[in-house]
2 protein chains.
Amino acid sequence: MADEQYEIICDRLRDNSYKLTPQRQTILRTFLDNADRHLSAEDVYSLVKHEYPDMGLATVYRTLDLLAELGILQKNDFGDGRSRYEFARKDLHHHHHLICLNCGEVSEFDDDLLESLEAVILKRNHFKVVDHNLKFLGYCRKCQSTLE
Amino acid sequence: MADEQYEIICDRLRDNSYKLTPQRQTILRTFLDNADRHLSAEDVYSLVKHEYPDMGLATVYRTLDLLAELGILQKNDFGDGRSRYEFARKDLHHHHHLICLNCGEVSEFDDDLLESLEAVILKRNHFKVVDHNLKFLGYCRKCQSTLE
DNA sequence: GTTAATGCAAAGATTTTGCAGTGAG
DNA sequence: CTCACTGCAAAATCTTTGCATTAAC
């Protein structure tokens with residue numbers, strides 16, 4: 001199943017006449033192997049280094065850029081000074097993040113409550129919303145018990 | 001009225017035994033004179049340079065930090081690679097931003113729809129929300145007409 | 001073979017820090 | 001007079017870019 005997704009993405013690259021280099025393959029596999037995480041360029045670089053010690057950090061940045069450009073990855077800013085990536089979803093619009101202020105862990109929360117708000121915004125502010133970005137800051141289950 | 005707010009903030013600094021230097025006064029006045037904008041450190045630096053050519057950029061950063069620390073300013077990240085500041089409000093929690101993807105202008109939108117969601121999140125995800133951050137990306141009134 | 005992709009090192013951009021000198025209280 | 005504050009320059013961080021070399025197609 002992960003392999004299936006891997007093939008689909010490889011085809012996607014080829015279709016756009018991008019070359020399927022071993023560096024890109026390795027980075028892609030790393031993402032599939034860590035699908036539940038929100039990796040930064042540096043994270044990817046470290047993970048990949050074991051398997052591919054000659055990989056350059058610039059290549060990681062360029063690959064993440066490319067995959068985001070193709071809509072395969074979603075670039076996120078969680079306010080920790082670096083960009084973090086995750087697989088893009090169909091329902092991005094209803095996908096929000098819970099960011100733990102203690103350990104930095106990022107989890108997910110889905111809801112479509114904001115749809116109706118966007119109509120209000122258009123009417124009240126004459127602002128045409130095309131996307132939104134909702135983050136909740138707080139304490140995850142683990143840290144709640146640790147801190148108290 | 002702006003002068004009144006200015007005095008209140010100056011007192012606040014003195015109360016915490018921070019020194020009321022001309023640099024800090026100038027930066028503060030600049031914010032009061034641009035209360036409707038969301039200024040970055042560089043913005044403040046440029047604005048202040050006219051009145052106070054010897055001001056150092058590091059001083060601007062340190063002052064913005066201090067004012068945010070004291071809860072006078074609110075530090076924002078609008079995704080353009082630099083921090084932007086505005087006066088903090090009592091109802092920060094219900095204060096959201098509309099960010100124009102064309103001209104970068106940031107306007108305001110107030111709503112308390114998210115309150116109820118936070119209870120759901122605690123129940124469903126065992127995540128204790130202490131703050132949230134909601135940004136809407138789209139096109140402001142001006143850019144809508146320009147682009148079409 | 002062509003041309004895009006890579007690695008490296010250098011450059012950019014924003015923000016922070018060390019330190020000697022200055023000035024607000 | 002003292003100690004917090006300042007300006008400057010250097011450093012820290014994350015990210016991008018230029019360029020000669022490499023390798024996918």
Side-chain angles (χ1 to χ4, degrees), chain A residues 7 9-28 30 38-70 72-73 75-85 104, chain B residues 7 9-30 38-70 72-85 104:
Chain A
E7 289 306 332
I9 297 172
C10 288
D11 287 346
R12 185 83 155 284
L13 283 170
R14 277 186 287 256
D15 288 352
N16 293 65
S17 53
Y18 289 114
K19 294 180 178 171
L20 197 57
T21 64
Q23 288 91 334
R24 287 177 179 170
Q25 294 177 51
T26 308
I27 289 172
L28 203 43
T30 299
H38 298 78
L39 301 172
S40 67
E42 199 69 43
D43 290 340
V44 174
Y45 184 60
S46 308
L47 287 167
V48 147
K49 263 289 177 190
H50 302 118
E51 182 176 338
Y52 206 117
D54 286 353
M55 173 96 58
L57 180 55
T59 299
V60 175
Y61 275 103
R62 282 185 284 228
T63 302
L64 296 180
D65 243 32
L66 174 65
L67 294 174
E69 202 76 35
L70 288 175
I72 295 166
L73 293 180
K75 188 176 187 174
N76 292 299
D77 177 4
F78 296 137
D80 61 349
R82 72 211 63 187
S83 294
R84 297 183 167 280
Y85 295 79
Chain B
E7 288 306 330
I9 297 171
C10 288
D11 286 349
R12 185 83 155 284
L13 284 170
R14 277 187 287 256
D15 288 353
N16 292 64
S17 53
Y18 289 115
K19 293 183 178 170
L20 196 57
T21 64
Q23 288 91 335
R24 287 176 179 171
Q25 294 177 51
T26 307
I27 290 173
L28 203 43
R29 286 206 177 281
T30 299
H38 298 78
L39 301 172
S40 67
E42 198 70 42
D43 290 339
V44 174
Y45 183 60
S46 308
L47 286 168
V48 146
K49 262 290 177 187
H50 301 118
E51 182 176 341
Y52 205 117
D54 286 354
M55 174 96 58
L57 181 55
T59 300
V60 175
Y61 275 103
R62 283 185 283 227
T63 302
L64 296 180
D65 242 33
L66 173 64
L67 294 175
E69 201 76 36
L70 288 175
I72 295 166
L73 293 180
Q74 161 74 20
K75 188 176 186 172
N76 291 299
D77 178 2
F78 297 135
D80 60 349
R82 73 211 63 184
S83 294
R84 297 183 168 278
Y85 295 79

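In what follows, chains are A, B, ... by sequence order, proteins preceding strands, each numbered from 1. Here the structure is a predicted model, which is why all the values come from computation and not from measurement.
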B/Leu70 side, atom CG; B/Asp65 side, atom CG - distance, nearest 0.5 Å: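 Interatomic distance, B/Leu70 CG to B/Asp65 CG, rounded to 0.5 Å: 10.5 Å.
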Rounded distance (nearest 0.5 Å) linking atom CG of A/Asp77 with atom CG of B/Asp80: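 Nearest 0.5 Å value for the CG-CG distance: 10.0 Å.
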Could I get a table of every N or O pair under 3.5 Å where one atom is in the protein and the other is in nucleotides 16-20 of chain C?
{"from": "C/dG18", "atom 1": "O6", "to": "B/Arg62", "atom 2": "NH1", "distance (Å)": "3.4"}

Find the distance [X]:[atom1] to [N]:[atom2] and express it as a whole number of Å.
{"X": "A/Leu20", "N": "C/dA5", "atom1": "CG", "atom2": "P", "value": "11 Å"}
{"X": "A/Leu66", "N": "C/dA5", "atom1": "CG", "atom2": "P", "value": "7 Å"}
{"X": "B/Gln23", "N": "C/dG25", "atom1": "CD", "atom2": "P", "value": "12 Å"}

All side-chain contact (heavy atoms from CB on, under 4.5 Å) counterparts of A/Ser40, not counting sequence neighbours: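 Partners of A/Ser40 by the side-chain contact (heavy atoms from CB on, under 4.5 Å) criterion, ordered by chain and then number, come out as A/Glu42, A/Asp43, A/Arg82, A/Arg84.
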Side-chain ion pair, B/Asp15 and B/Arg12, N-O less than 4.0 Å: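 No salt bridge links B/Asp15 with B/Arg12.
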Boundaries of the chain A footprint along DNA chain D (any atom under 4.0 Å from a heavy atom):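 The footprint of chain A covers D/dC14 to D/dC25.
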B/Gln23 side chain vs B/Met55 backbone, donor-acceptor pair below 3.5 Å: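 Answer holds: no.
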Flag, side chain of B/Arg24 to backbone of B/Lys19, donor-acceptor distance under 3.5 Å: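 Pair found, side chain donor or acceptor close to backbone of B/Lys19.
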Sugar-phosphate, base or nothing in reach of A/Ser40, heavy atoms under 4.0 Å: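 No contact.
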Sugar-phosphate, base or nothing in reach of B/Pro53, heavy atoms under 4.0 Å: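 Here B/Pro53 touches no strand at all.
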Of B/Lys49 and B/Ser17, the one whose closest DNA chain D nucleotide lies more 5':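 Residue closer to the 5' terminus by nearest nucleotide: B/Ser17.
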